[in-house]
Amino acid sequence: MKDDNKSEIRQHFLMAVCGGFFGGYAIFGRMAVFGSAQTANLIELVGDVLGHNLTDALLRIGALAIYIGAMVLFAALRRKTALNLKYLVILFEAAAVAVLGFFPENMNPILAVYPIFFAMSFQWCVFKGADGYACSTIFSTNNVKQTVLSFSDYFMAKEETEEERGEYLRKGKFFGTTLLCFHTGVAIAFLGLRFLGLRAVWLCLILILAELYMIEEQRAAQREAQLCG
């Protein structure tokens, strides 16, 4: 069980690298369109509607529909099948890479990140945390908050027990490491785009294959434990 938890944590951190890569690729490669979340998309949607930019408004509605669609698909599969949905994350992200790898440079930037909207939404549903913590692997706002608050509590809570302070420290390290992994992915995307252009998206296949290896390794360990049990 302990080894299984360690494997989940490693998978979580690697998926944060993938999330950072896709986010960085979208922002640096497609005119600052963030394909991992909906906050900016919905803000821009309001601006497009009020500014009578019908084309971009429709494209942003499409992005929202794709993001929601991935969540609905996750909900249906979780209830109706016994599939290990981690494998579908790998499949969808590999497919996203394949599609993005052939998109032309001059296409509409919103349309160009549609595959990222879908893949990141599904990833967020499946890889939603580890080690008892709910923690996003596709964006960072709450992770920054949890890191700062946890370390603040650790250093300020002098009157609390060592066990309580230790939990603050453990939580801060977990969220802080997730942030580090996410922004490592961002850095890989930035450097890849600088030297390879939009073809840099193919670099993400290395991360995806590494994640697949971790999942398979965990499944093999679980099967062995069941046989021994």
Side-chain angles (χ1 to χ4, degrees), residues 1-28 34-37 70 74 78 84-97 116-154 166-193 200-222 225:
M1 185 66 69
K2 186 176 181 181
D3 289 340
D4 198 51
N5 187 53
K6 288 182 178 179
S7 178
E8 290 286 338
I9 294 171
R10 288 195 297 269
Q11 290 172 40
H12 170 85
F13 289 150
L14 184 54
M15 289 314 295
V17 180
C18 289
F21 181 92
F22 276 113
Y25 181 85
I27 287 178
F28 300 133
F34 187 43
S36 298
F74 165 79
R78 180 181 58 179
N84 183 338
L85 298 184
K86 290 181 179 179
Y87 287 111
L88 280 184
V89 173
I90 299 301
L91 176 63
F92 290 151
E93 295 196 359
V97 167
I116 296 178
F117 279 118
F118 183 89
M120 291 296 95
S121 177
F122 199 82
Q123 176 179 317
W124 188 24
C125 290
V126 176
F127 289 91
K128 48 187 174 288
D131 202 23
Y133 301 117
C135 179
S136 173
T137 57
I138 65 169
F139 49 78
S140 298
T141 305
N142 187 61
N143 296 345
V144 171
K145 172 188 172 184
Q146 296 300 333
T147 301
V148 172
L149 291 181
S150 297
F151 281 121
S152 296
D153 285 336
Y154 173 72
E167 172 56 26
Y168 294 141
L169 181 61
R170 186 171 76 93
K171 185 177 181 180
K173 287 180 177 179
F174 179 84
F175 281 93
T177 302
T178 302
L179 280 173
L180 178 61
C181 290
F182 181 87
H183 288 92
T184 296
V186 173
I188 294 171
F190 178 84
L191 294 173
L193 286 163
V201 71
W202 296 102
L203 294 174
C204 196
L205 285 180
I206 299 172
L207 303 174
I208 294 169
L209 290 173
E211 184 70 24
L212 178 60
Y213 175 81
M214 286 187 183
I215 296 169
E216 280 295 306
E217 188 179 46
Q218 181 187 31
R219 288 289 299 276
Q222 289 171 343

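Numbers here are sequence positions counted from 1.
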Item to complete: With sequence neighbours left out, write down each residue that passes side-chain hydrogen bond (donor to acceptor under 3.5 Å, both in side chains) with Ser140, or none if nothing qualifies.
Response: none
Fill in: Contacts of type side-chain hydrogen bond (donor to acceptor under 3.5 Å, both in side chains), residue Glu93, not counting sequence neighbours
none
Worksheet item: In a check of side-chain contact (heavy atoms from CB on, under 4.5 Å) between Phe22 and each of Ile27, Val97, Ile138, Val17, which one passes?
Response: Val97
State the [atom1]-[atom2] distance between [X] and [Y], to the nearest 0.5 angstrom.
| X | Y | atom1 | atom2 | result |
| --- | --- | --- | --- | --- |
| Asp153 | Leu169 | CG | CG | 11.5 Å |
| Cys135 | Asn143 | SG | CG | 4.0 Å |
| Ile90 | Leu85 | CD1 | CG | 12.0 Å |
| Leu207 | Cys181 | CG | SG | 10.5 Å |
| His183 | Ile188 | NE2 | CD1 | 13.0 Å |

Item to complete: Give every residue pair that meets the side chain to side chain donor-acceptor pair (under 3.5 Å) criterion with at least one member in residues 117-128, sequence neighbours excluded.
Response: Gln123-Thr137
Item to complete: Would you list the pairs meeting side chain to side chain donor-acceptor pair (under 3.5 Å) in which at least one residue belongs to residues 207-217, sequence neighbours left out?
Response: Tyr87-Glu216
Discussion item. So, using side-chain contact (heavy atoms from CB on, under 4.5 Å) as the criterion, who are the partners of Phe190 when residues are at least two apart?
Written reply: Phe28, Arg194
Worksheet entry | By side-chain contact (heavy atoms from CB on, under 4.5 Å) - contacts of Phe92 (at least two apart) | Leu73, Leu88, Phe118, Phe122
Practice prompt. Taking ring pair (Phe, Tyr, Trp, His ring centres under 6.0 Å) as the test, write out the residues that go with Phe74, two or more places apart.
Written response: none
Discussion item. Please enumerate all residues that pass ring pair (Phe, Tyr, Trp, His ring centres under 6.0 Å) together with Phe174, with sequence neighbours excluded.
Written reply: His12, Phe13, Tyr133
Heavy-atom closest contact ([X] atom, [Y] atom, distance):
| X | Y | result |
| --- | --- | --- |
| Ala119 | Ala96 | CB-CB, 4.2 Å |
| Met214 | Ser7 | O-OG, 4.1 Å |
| Ser36 | Gly23 | OG-CA, 3.8 Å |
| Ala200 | Leu193 | CB-N, 3.6 Å |
| Gly192 | Leu203 | CA-CD1, 4.0 Å |

Worksheet item: Got a sec, which pairs hit salt bridge (charged side-chain N to carboxylate O under 4.0 Å, His left out) with one end in residues 178-193, sequence neighbours left out?
Response: none
Discussion item. Show me the pairs that pass salt bridge (charged side-chain N to carboxylate O under 4.0 Å, His left out) and involve residues 169-185, at least two apart or across chains.
Written reply: Asp131-Arg170, Glu167-Arg170
Item to complete: State, with a plain yes or no, whether a side-chain heavy atom of Asn84 is found less than 4.5 Å away from one of Arg219.
Response: yes
Discussion item. Could you check whether any side-chain heavy atom of Val186 comes within less than 4.5 Å of a side-chain heavy atom of Tyr25, counting everything from C-beta outward?
Written reply: no
Practice prompt. Could you walk me through whether Val89 and Met15 pass side chain to side chain contact (heavy atoms under 4.5 Å, CB included), step by step?
Written response: CA-CA 10 Å; Val89 173; Met15 289 314 295; 3.8 Å; yes
